[in-house]
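Report on the structure given below.
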Amino acid sequence: MDITRRRLLSALSAAGLLAVVPVGPMSAAAAAEGLARLRANTEAVFAGTAESNARPETAAKLAAVDKAARANLKAMDTAGEGELFAGLALGTDDANLNTAFRWLYEIALATSARGGGLYGDTAVRRRVIDGLVWLHERYYGDQSKGYYGNWFNWEIGISQSVSKALVLLYDEVRAYRPELVRTYVTSMDAYLRNGTDGDVNLDSRFHTGANLADITTNRVLQGALLGDEARVRKALTDQLTVFATIDPYRLDHGVTDGHYADGSFLQHASVAYTGSYGKGLLTRVVQTLKILDGTGFAHGEELVPVVRGWVRNGFAPLIFEGWMMEIVKGRAVSRTDSGYTDVAVVVEAVVDLSALASGADATALKSYVKHIRETSRATLDPARFVSPGSVVAYADILADASVPAADLNPAARSVAFNAMDRTVHRRPGYAFALARSSARISKYEYMNGENLMPWFQGEGAHYLYLSGQDQTRAYGVDYFTTVSPYALAGVTAPAELRRTVPELYGKPYYDNPGHPLNFTSSSESQNKYVYFPRGTHGHSGGAVLGAYGAAAMVQSSDVPYRDRELLPDDFVVHRNASATKSWFLFDDEIVVLAAGVGDLAGRAVTTAVDARVAAPDDAVSLTGVRRDGRPWSGTGTADLRWLRYANASQGTSVGYLFLDTPRVRVALDDVIRSRRVVRTANPDTAVTRQVFGVSVDRAAGARPVALAYALVPNAGERLLRSYAGGPLRVLANSPRLQAVSHSGLGLTAANSFGSGRHEAGGLEVDGPASVIVRRRGPSGATGIAVSDPTMDRDSVGVLLRGRRLRVDAADEGVRVRVVRDGTRLEVDTHHAYGRSFMATLRETR
């Protein structure tokens, strides 16, 4: 690789990434050889090779492939008049049509998997081809009748199944129905209606991120089928844009979907989505790198460090003991697949990526695979991997004694994903995940009858994962099924009853195409006002200093409420309660301050300090101490100093310190609900859970109040009693300034809101900011971190009162000078997008 291309790539710019695709001409022979290699690689990825499939580790995978194919063939055998598969009605349901194509692909896959019972079966292969002909003639070939329902099925889903099936059946198609490839590619191009002239349109909001990776991979395969080198190159050039780090101040094609410098990942313009679309993108690009290997169409090895960075900075912080955190799953939180299933998808991608990496990078990725295997509370089933080759590679990693198990996270880590309004704080024994929202990031995602009651999921909802616990018993779909949507852990919600979109409008979306805002199932107005509305306040962010963090947000109503005068009369909007909130993240405590908690409309308001679920037969106990020193146990309302939730059956506990909080309500209720209450497509399965909640209630018309409390993971009663004399101290708690100190750690942290000067704990901050100071830390120096949570300030000024300090080290953009009252820092936050700026200071001599 020449140095010019290396430098371009290191910048991760779109222009630099284009250098990955060779621009020089290929000879006809080289192109033909490359295309043949591409088809062979594709077959190896999905169907395995003779070598991989001979390994005993792939037996279960091959059996699953064979079982699915035989079930599909049986459905073909029993199909009635006008059916391809028994019971699968076609003509009006695009999901059924997508399923029909997928089932044909699954049969084709079984005939291509060496070692399987259907491998090489010509009759079955031709039956698949006949099925493709039948579907095209009756339900797919006439584009004037197609494209009903979900755009995804027509532009991505069906094309995915068809393209892969035709690659797997390449020789048979050429011998039996050679015209079929051209016929299908022509139709697939015609269905790219959000594209331009049957090709990708990088300016389309539909052709971004994971969706773009899917579309372009399909088109790479189509180029291989057609022998069209130019189509392959164009598709790769388009796909390479997903590797570029998003610069929010210099957007390419106006696209905000993708990976950000702080590890954030967005899809649908404003949804935090690492755990769903993000893992889909990871899978697709790693598969593409494998498919391209040795073809000459791209320098795939140059992209490996980019993807490795996604894993280290974007995925690893969000995976706790093999579980994908809820805060980055969008509407997928309502699905019955667990966080362990999500991580299995990531593991397969990391396994494949490790084979593409080299040296220490490869070892680190393999070590991470082992770490997930050793810490997960669920057994990972490699038979669910896509590729038999990945099954073998996974087995080899686990068997390699030279590879140690090691996390990509340090044991103590605090991560501010400010580009997607998320915060993760990790310690041995627990992980704390926080979902914020703002004028930049959606409050939630609802779509297609999924995540039916999402209203407060971005209002400071938190998830406290405890080490050693099976997280399916604490979170996942059953948490959202049984915990009230108005009482999710951490949220402040008004007392009102909201109805789901299907209940409101009789459809899974608001349908009003005649209105000037043009409400259709996939219109921009639907996105903006129904599927993933944003907030209306810009303050949401925080700072990180070493392994410690601070986060803040100003709760606001959403865009539909703001724009209510523009919306149709029958469109229902909701006004939010008011609160200014901060989270201060230490070693043993997460301190939460809330000020101005109330409602301008005069409604009653509830703030959920926490909510946890337990199995109906788990031994749960609630103990504590009142403010006056008397013991407390069980449920009810009281003025508490501290409370301890313990689940003896799971060996877990959480303590709650009420630093400056009114009377709290403690509840432990048996709740039985169907999983269908959160997703219309879920099975009507009744879930029973004990639901624990501790909350602060404010009556209708009550004046705004301030709250200060701390979560103490894994706390025993002795530890909770010890907090009577410190080390936590609330320095300020108002809608203008929230600050705390931790004397044991030497930490002072503050979040300021609004213009003007803010003072607390020897800090003076100009305007809105997030600041953490550690005086006389482990090195004897003073460390400071500063960020702009509004993301629109040019600079932030901070004064450290007291002894005069000199600079030992400082990030670029940090200026330090000694002043009469102490040491002043000016931090250039222009276009920093919430990034923390750090400096280390020492006393002058």
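Values below: every heavy atom of this structure, side chains too, minus hydrogens, waters and symmetry copies.
A side chain to side chain contact (heavy atoms under 4.5 Å, CB included) with L353 holds for exactly one of V369, V311, D361; it is V311. Residue Y475 forms a side chain to side chain contact (heavy atoms under 4.5 Å, CB included) with just one option from Q469, R612, M325, and that option is R612. The side chain to side chain donor-acceptor pair (under 3.5 Å) test with N451 singles out one residue from R331, Q457, E445, and that residue is Q457.
Scored by the side chain to side chain contact (heavy atoms under 4.5 Å, CB included) test, T790 finds H539, P768, D788, D792, R793 as partners (sequence neighbours excluded). Among residues two or more places apart in sequence or in another chain, the salt bridge (Lys or Arg N to Asp or Glu O under 4.0 Å) test is passed with R312 by none. With sequence neighbours excluded, the residues satisfying side chain to side chain contact (heavy atoms under 4.5 Å, CB included) with P305 are R308. For A739, the side chain to side chain contact (heavy atoms under 4.5 Å, CB included) partners are L731, A732, A750, A760, not counting sequence neighbours. Evaluation of the side chain to side chain contact (heavy atoms under 4.5 Å, CB included) rule for D342 yields K279, M324, K329 as partners, not counting sequence neighbours. Looking at residues two or more places apart in sequence or on another chain, you find a salt bridge (Lys or Arg N to Asp or Glu O under 4.0 Å) between D407 and R426.
To the nearest 0.5 Å, atoms CG (L657) and CH2 (W642) are separated by 9.5 Å. To the nearest 0.5 Å, atoms OG (S414) and CG (L585) are separated by 5.0 Å. Atom CD1 in I772 sits 8.5 Å away from atom CG in N751 (nearest 0.5 Å). Summarising the geometry, atom OG1 belonging to T241 is positioned 8.0 Å from atom CG belonging to D252; distances are rounded to the nearest 0.5 Å. Considering CG of N418 and OG of S438, their distance stands at 9.5 Å, rounded to 0.5 Å.
Side-chain contact check for T423 and R436: at least one donor-acceptor pair (N or O, by modelled atom type) lies under 3.5 Å. Under the 3.5 Å distance criterion, with hydrogens and angles disregarded, a donor-acceptor pair is assigned to the side chains of T208 and D257. Checked by atom type, the side-chain pair R373/Y368 shows no donor-acceptor distance below 3.5 Å. With 3.5 Å as the limit, one finds a donor-acceptor pair spanning the side chains of H462 and D610. For the 3.5 Å distance criterion, the side chains of E321 and T375 fail to qualify, holding no donor opposite an acceptor.
A salt bridge is absent between E843 and R804; no separation between the charged side-chain nitrogens and carboxylate oxygens falls under 4.0 Å. R801 and E759 are joined by a salt bridge, as a carboxylate oxygen and a charged side-chain nitrogen come within less than 4.0 angstrom of each other. A salt bridge links D587 with R427: at least one charged nitrogen is closer than 4.0 Å to a carboxylate oxygen.
Here Y465 and F432 keep their ring centres 6.0 angstrom or further from each other. Taking the six-membered ring for Trp and the full ring otherwise, W310 and F243 have centroids separated by under 6.0 Å.
A heavy-atom distance below 4.5 Å is not found between the side chains of L825 and F837. Under the 4.5 Å side-chain criterion, counting only non-hydrogen atoms from C-beta, T829 is not in contact with D794. Residues Y479 and Q471 fail the side-chain proximity criterion, which asks for heavy atoms closer than 4.5 Å.
Using cut-offs of 30° and 60° for the angle between ring planes, the H268 and F532 rings count as parallel. In this structure, F586 and Y548 have tilted ring planes: the angle between them lies in the 30° to 60° band.
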Problem set entry | Steps toward side chain to side chain contact (heavy atoms under 4.5 Å, CB included) verdict (D828, R815) | CA-CA 8 Å; D828 181 5; R815 300 179 300 280; 4.2 Å; yes
For this session: Step by step, work out the side chain to side chain contact (heavy atoms under 4.5 Å, CB included) result for T607 and L707.
Result: CA-CA 9 Å; T607 298; L707 319 174; 3.8 Å; yes
Exercise. So E589 and L711, side chain to side chain contact (heavy atoms under 4.5 Å, CB included) or not? Walk me through it.
Worked result: CA-CA 6 Å; E589 311 92 2; L711 311 178; over 6 Å; no
